[in-house]
Engineer: 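Mind having a look at this structure? Questions to follow.
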Amino acid sequence: MLEDRPIVFRPPSLEDGAAIHRVVQRTGVLDVNSCYLYLLLSEEFADTCVVAEEAGQLLGFVTGVRLPRRPDSIFLWQVGVDPQAQGLGLGKRLLRAFLESPGAESARALETTISPSNAASQALFQAIARERGAQITVSPYFREDHFPAGHEAEEHYHIAPIR
Ligand SMILES: CC(C)(COP(=O)(O)OP(=O)(O)OC[C@H]1O[C@@H](n2cnc3c(N)ncnc32)[C@H](O)[C@@H]1OP(=O)(O)O)[C@@H](O)C(=O)NCCC(=O)NCCS
């Protein structure tokens, strides 16, 4: 049981950037950005990011930002759980911690993008919306042809109210 394990949820520090990058690679699903980006997020955007750590090992993370054009929203950029810890409820706990993070304070809506084939991610956001009695609005966002070949479309999810 995950509840019995000593997992700590906390904002990342600079020392976590490379480990987040590794978890992103290990998911085999997420877009792998440069390690530089994860270092920058960990150092400068820590208020809107969360990591889950057990005995010094990074098991999962969420990265996010506040949206300059929609100050009511918190945007979740990526969420990833290491394959060995998936399906145990860690994704849900990470999202809860993310919505309670200092940078998410005052946000009324959660926004993110999800590919139509990503059933696990869709189920995760549906579960969080259900928990909070929030409504999900899905609309087209990045089309496949916006990307270089080989990348699925990304649909926009708007989930509100989150508190
Ligand atoms: C998406 C991801 C973060 C979910 O984390 P997780 O710890 O495995 O998810 P949880 O165990 O907290 O489960 C959350 C919900 O999703 C459901 N779920 C989990 N894995 C699933 C799967 N493979 N297919 C369908 N539903 C799934 C669970 O049943 C649960 O729903 P419920 O509360 O209604 O029962 C994780 O699978 C992952 O890292 N995937 C690869 C990266 C990725 O796709 N990130 C999202 C990109 S937007």
Side-chain angles (χ1 to χ4, degrees), residues 1-12 16-35 37-38 41-42 45 48-55 57-67 70 73-101 103-104 107 109-144 146-148 150-160 162:
M1 286 289 290
L2 204 61
E3 279 74 24
D4 302 334
R5 290 167 54 172
I7 298 174
V8 174
F9 296 84
R10 59 168 175 78
D16 297 306
I20 295 174
H21 186 232
R22 264 194 308 281
V23 171
V24 170
Q25 290 171 317
R26 280 170 56 80
T27 65
V29 174
L30 290 169
D31 280 349
V32 183
N33 297 287
S34 69
C35 187
L37 176 91
Y38 299 105
L41 287 168
S42 300
F45 294 84
T48 48
C49 298
V50 180
V51 293
E53 179 195 54
E54 181 178 38
Q57 193 196 352
L58 199 116
L59 293 181
F61 72 92
V62 180
T63 54
V65 291
R66 291 306 287 254
L67 294 172
R70 290 191 292 284
S73 292
I74 175 95
F75 183 81
L76 184 146
W77 190 340
Q78 289 187 312
V79 50
V81 171
D82 196 87
Q84 48 134 337
Q86 287 178 8
L88 301 174
L90 193 58
K92 275 199 281 195
R93 289 177 68 185
L94 273 162
L95 244 69
R96 289 182 200 127
F98 174 67
L99 293 177
E100 300 311 319
S101 64
L110 168 64
E111 298 189 33
T112 195
T113 75
I114 309 181
S115 299
S117 72
N118 195 336
S121 188
Q122 287 159 21
L124 172 62
F125 285 91
Q126 280 157 7
I128 287 294
R130 213 168 39 239
E131 256 183 34
R132 295 181 176 240
Q135 193 178 337
I136 305 185
T137 310
V138 182
S139 24
Y141 200 47
F142 300 146
R143 296 187 311 268
E144 211 169 297
H146 282 133
F147 294 98
H151 195 298
E152 220 182 321
E154 293 275 345
E155 293 179 319
H156 184 264
Y157 281 61
H158 181 273
I159 301 171
I162 51 167

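Excluded from the calculations below are hydrogen atoms, water molecules and symmetry mates; all remaining heavy atoms, backbone and side chain alike, are included. First listed ligand is number 1; within each ligand, the first listed atom is number 1. It should be emphasised that the depicted structure is a prediction, and the values quoted were computed from it without experimental measurement.
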Engineer: Looking only at heavy atoms, what is the nearest atom pair of Ile162 and Arg132, with distance?
Structural biologist: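 What the structure gives for the nearest pair is O-NH1, 2.7 Å.
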
Engineer: Checking a contact table here: which protein heavy atom is nearest atom 18 (N) of ligand 1, and how many Å away?
Structural biologist: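 Checking every protein heavy atom, the shortest distance to atom 18 (N) of ligand 1 gives Ala123 CB, 4.0 Å.
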
Engineer: Answer yes if a protein heavy atom lies under 4.0 Å from atom 29 (O) of ligand 1, otherwise answer no.
Structural biologist: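 Protein heavy atom within 4.0 Å of atom 29 (O) of ligand 1: absent.
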
Engineer: Considering non-hydrogen atoms of the protein only, which is the closest contact for atom 42 (C) of ligand 1, and what is the distance?
Structural biologist: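 Of every protein heavy atom, Leu30 CG, 3.6 Å lies nearest to atom 42 (C) of ligand 1.
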
Engineer: Classify the angle between the aromatic ring planes of Phe142 and His146 as parallel (below 30°), tilted (30 to 60°) or perpendicular (above 60°).
Structural biologist: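 Phe142 and His146: perpendicular rings.
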
Engineer: Has Thr112 got any heavy atom lying under 4.0 angstrom from an atom of ligand 1?
Structural biologist: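 False for this residue.
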
Engineer: Considering non-hydrogen atoms only, spot the tightest contact between Ala104 and Leu99 and give its length.
Structural biologist: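 Taking every non-hydrogen atom into account, CB-O, 3.6 Å.
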
Engineer: What heavy-atom pair brings Ala107 and Ser73 nearest, and what distance separates the two atoms?
Structural biologist: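 Looking at all heavy atoms of both residues, the shortest contact is CB-C, 4.2 Å.
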
Engineer: Within the protein, is there a heavy atom lying under 4.0 Å from atom 22 (C) of ligand 1?
Structural biologist: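 Yes, at least one protein heavy atom sits under 4.0 Å from atom 22 (C) of ligand 1.
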
Engineer: Evaluate Ala85 for polar contact with ligand 1, using N/O atom pairs at a separation under 3.5 Å.
Structural biologist: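 Among all N and O atoms of Ala85, none is under 3.5 Å from an N or O of ligand 1.
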
Engineer: For atom 32 (P) of ligand 1, state which one of Gln126, Arg26, Arg130, Glu131 supplies the nearest heavy atom.
Structural biologist: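 The option holding the nearest heavy atom is Arg130.
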
Engineer: Report the part of Val81 in contact with ligand 1, treating N, CA, C, O as backbone and CB onward as side chain, heavy atoms under 4.0 Å; options are side chain, backbone, both, neither.
Structural biologist: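 Contact part for Val81 vs ligand 1: both backbone and side chain.
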
Engineer: Give a yes or no on whether Gln135 atom CD has more than 12 heavy-atom contacts from other residues, nucleotides or ligands under 6.0 Å away.
Structural biologist: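 Atom CD in Gln135 is not crowded, with 12 or fewer foreign heavy atoms closer than 6.0 Å.
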
Engineer: Among all the protein's non-hydrogen atoms, which is closest to atom 40 (N) of ligand 1, and how far away is it?
Structural biologist: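 Minimum-distance protein heavy atom for atom 40 (N) of ligand 1 reads Gln86 NE2, 3.7 Å.
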
Engineer: In the protein, which heavy atom is nearest to atom 44 (O) of ligand 1, and how far is it?
Structural biologist: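 Answer, as residue, atom name and distance: Asn118 ND2, 2.7 Å.
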
Engineer: Protein heavy atom under 4.0 angstrom of atom 48 (S) of ligand 1, is there one?
Structural biologist: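 Answer yes: something from the protein, a heavy atom, is under 4.0 Å.
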
Engineer: I need the nearest protein heavy-atom contact for atom 4 (C) of ligand 1: residue, atom name and distance, please.
Structural biologist: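 Of the protein heavy atoms, Leu124 CD2, 4.0 Å lies nearest.
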
Engineer: Out of the candidates Val79, Asn118, Leu94, Val81, only one should pair with Leu124 under the side-chain contact (heavy atoms from CB on, under 4.5 Å) rule; please name it.
Structural biologist: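 Of the listed options, the one satisfying the test is Val79.
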
Engineer: Could you tell me, atom by atom, which parts of ligand 1 come under 4.0 Å of a heavy atom of Ala127?
Structural biologist: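 Ligand 1 atoms under the 4.0 Å threshold to Ala127: 33 (O).
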
Engineer: For atom 25 (C) of ligand 1, which candidate among Ser121, Gly60, Ala119 holds the nearest heavy atom?
Structural biologist: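 Considering heavy atoms of Ser121, Gly60, Ala119, the nearest to atom 25 (C) of ligand 1 sits in Ala119.
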
Engineer: Residue-level breakdown please: for Leu94 versus ligand 1, do any non-hydrogen atoms fall below 4.0 Å on the side chain, on the backbone, on both, or on neither?
Structural biologist: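 Near ligand 1, Leu94 shows nothing, with every heavy atom at 4.0 Å or more.
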
Engineer: Which heavy-atom pair separates Ile128 from Lys92 by the least distance, and what is that distance?
Structural biologist: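 Ile128 and Lys92 have their closest heavy atoms at CD1-O, 3.9 Å.
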
Engineer: May I ask you to identify the nearest protein heavy atom to atom 20 (N) of ligand 1, giving residue, atom name and distance to one decimal place in Å?
Structural biologist: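 Here the nearest protein heavy atom works out to Ala120 CB, 3.8 Å.
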
Engineer: Less than 3.5 Å between some nitrogen or oxygen of Gly89 and one of ligand 1, yes or no?
Structural biologist: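 Yes, at least one N or O pair falls under 3.5 Å.
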
Engineer: Taking N or O atoms only and a 3.5 Å limit, does Gly87 qualify as a polar contact for ligand 1?
Structural biologist: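 Yes; at least one N/O pair falls below 3.5 Å.
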
Engineer: Specify the protein heavy atom at minimum distance from atom 33 (O) of ligand 1: its residue, its atom name, and the distance to 0.1 Å.
Structural biologist: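 In this structure, atom 33 (O) of ligand 1 has Lys92 NZ, 2.6 Å as its nearest protein heavy atom.
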
Engineer: Which word best sums up how the rings of His156 and Tyr141 line up, parallel for under 30°, tilted for 30 to 60°, or perpendicular for over 60°?
Structural biologist: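 His156 vs Tyr141 ring planes: tilted.
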
Engineer: Which protein heavy atom lies closest to atom 45 (N) of ligand 1, and at what distance to 0.1 Å?
Structural biologist: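 Of the protein heavy atoms, Val79 O, 2.8 Å lies nearest.
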
